[in-house]
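See below for the structure under consideration.
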Protein chains: 2
Amino acid sequence: MPSRPASDLTSHLGYWLRHVSNHVSHAFARKLESRDVTVAEWVVMRELYGADALAPSRLADKLRLTRGAISKLAERLIAKGLVMRASHASDGRAHILALTTKGRGLIPKLAALADQNDAEFFDHLTSQERSTVERVLKEIVKIRGLKSIPVD
Amino acid sequence: MPSRPASDLTSHLGYWLRHVSNHVSHAFARKLESRDVTVAEWVVMRELYGADALAPSRLADKLRLTRGAISKLAERLIAKGLVMRASHASDGRAHILALTTKGRGLIPKLAALADQNDAEFFDHLTSQERSTVERVLKEIVKIRGLKSIPVD
DNA sequence: TATTGTTATACTCTATAACTATA
DNA sequence: TATAGTTATAGAGTATAACAATA
């Protein structure tokens, strides 16, 4: 755990992390295009899939976005017929978001694209390397208290 | 090198990579704010610092951005007095971009912020973990032929 | 008055395409 | 006609703040 001054401008881990992450995301976005879904939309769908139905504010917490951002995303997903919005039974202020049948049916296809994308970039890693990277990334999330989820 | 079907939606490495990278970038962006510089601007400055002066098209290649994007970025940096634009000596079409004295003087300060940000997220790693992650990331860049540089 | 959502507004990042000035 | 740059336009992704309805 050295406190290493990265005097060389190209030596930062954050640099390489962003570099690779950007490319992985880009490649994934291109794959998602074939289904007319953006990465941000996929994140929301994926989250709803795991929870069945969620309040916008709950979603905002989990994804670390503002409620305004969630509203906009939800609006697009509703327009595409992938998500539905309903009023909460007992609290007149609250809403609930859930996948439609169409949205739910799309999940496996999008997940397959995620699998494919992951394979494209990480399949050549040894299982040792893979587990180290995965462990390190998850540790950082835990330590920093990065509550939840971004994308795939 | 298993061809692992990531049936679980949360099991993709790309997911964790993006998650951590987003947070590292965000934290860095907040630090850069104190100097009124964005991450994208820092990337350009950093590249110019390494090369002294570059044509916009050369910069676009290196950063994998379009020329239009570079123009816009350059415009902002020029407005901030951090970069200067000049005509090429022999080719009337070509331009050259370079850091101003002010821009050059800012580099060490921005680099210090990058160091600090890196330390914040990665200092707890063992040197073993650190080198594995760094090696894996760099390998991916090489294998995929991700030509150059993104950010820090 | 506090909370849940939505809407309005704005800015960064990036792309594509049209356009300008050389070569 | 091809190349280097810029400008115009657009859309994703977010944020902040103003606003509406309900608690």
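In what follows, every chain begins at residue 1, and chains take the letters A, B, ... in the order their sequences are listed. Excluded from the calculations below are hydrogen atoms, water molecules and symmetry mates; all remaining heavy atoms, backbone and side chain alike, are included.
The environment of CZ in B:Arg58 is sparse: at most 12 heavy-atom neighbours from other residues, nucleotides or ligands sit within 6.0 Å. A 6.0 Å sphere centred on NE2 of B:His26 holds no more than 12 heavy atoms belonging to other residues, nucleotides or ligands.
Checking side-chain atoms of A:Lys142 against main-chain N and O of A:Leu137 turns up no donor-acceptor pair under 3.5 Å. For the pair A:Lys102 (side chain) and A:Lys80 (backbone), a donor-acceptor distance under 3.5 Å is present. No donor-acceptor pair under 3.5 Å is formed between the side chain of B:Asp118 and the backbone N or O of A:His12.
A:Glu120 and A:Lys31 are joined by a salt bridge, as a carboxylate oxygen and a charged side-chain nitrogen come within less than 4.0 angstrom of each other. Note on A:Arg67 versus A:Asp61: no salt bridge recorded, every NZ/NE/NH1/NH2 to OD/OE distance being 4.0 Å or above. By the 4.0 Å N-to-carboxylate-O rule, B:Arg85 lies too far from B:Glu75 to be salt-bridged with it.
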Between protein and nucleic acid, restricted to nucleotides 20-23 of chain C and to nitrogen or oxygen atoms under 3.5 Å apart, what atom pairs and distances do you find?
unit_1 : atom_1 : unit_2  : atom_2 : d
C:dA23 : OP1    : B:Gly92 : N      : 2.2

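Remark: P of D:dT16 and CZ of B:Arg30 are 11 Å apart, rounded to the nearest angstrom. Atoms CG (A:Leu59) and C1' (C:dT4) sit 14 Å apart, rounded to a whole Å. Between the NE2 atom of B:His26 and the P atom of C:dT12 there is a distance of 14 Å, given to the nearest Å. As rounded to whole Å, 14 Å separates atom C1' of C:dT14 from atom NE2 of A:His23. For A:Glu33 and C:dT16, the CD to C1' distance is 13 Å, given to the nearest whole Å.
Residue-level contact check: A:Thr66 touches the bases, meaning some heavy atom is under 4.0 Å from a base atom.
Using bins of under 30°, 30° to 60° and over 60° for the plane-to-plane angle, the ring pair A:His19/A:Tyr15 lands in the tilted bin.
Here the straight-line distance linking atom OG1 of B:Thr38 with atom CZ of B:Arg76 works out to 4.5 Å at 0.5 Å rounding. Note that the NE2 atom of A:His95 and the CG atom of A:Leu54 stand 14.5 Å from one another [nearest 0.5 Å].
Between its opening and closing five pairs, the helix from C:dT1-D:dA23 to C:dA23-D:dT1 changes axis direction by 30°, a value rounded to 10 degrees.
For the pair A:Ser57 and C:dG5, the criterion of a side-chain N or O lying under 4.0 Å from OP1 or OP2 is met.
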Protein proximity profile, nucleotides 6-13 of chain D - base contact B, sugar-phosphate-only contact S, no contact -, cut-off 4.0 Å on heavy atoms: BB--B--B
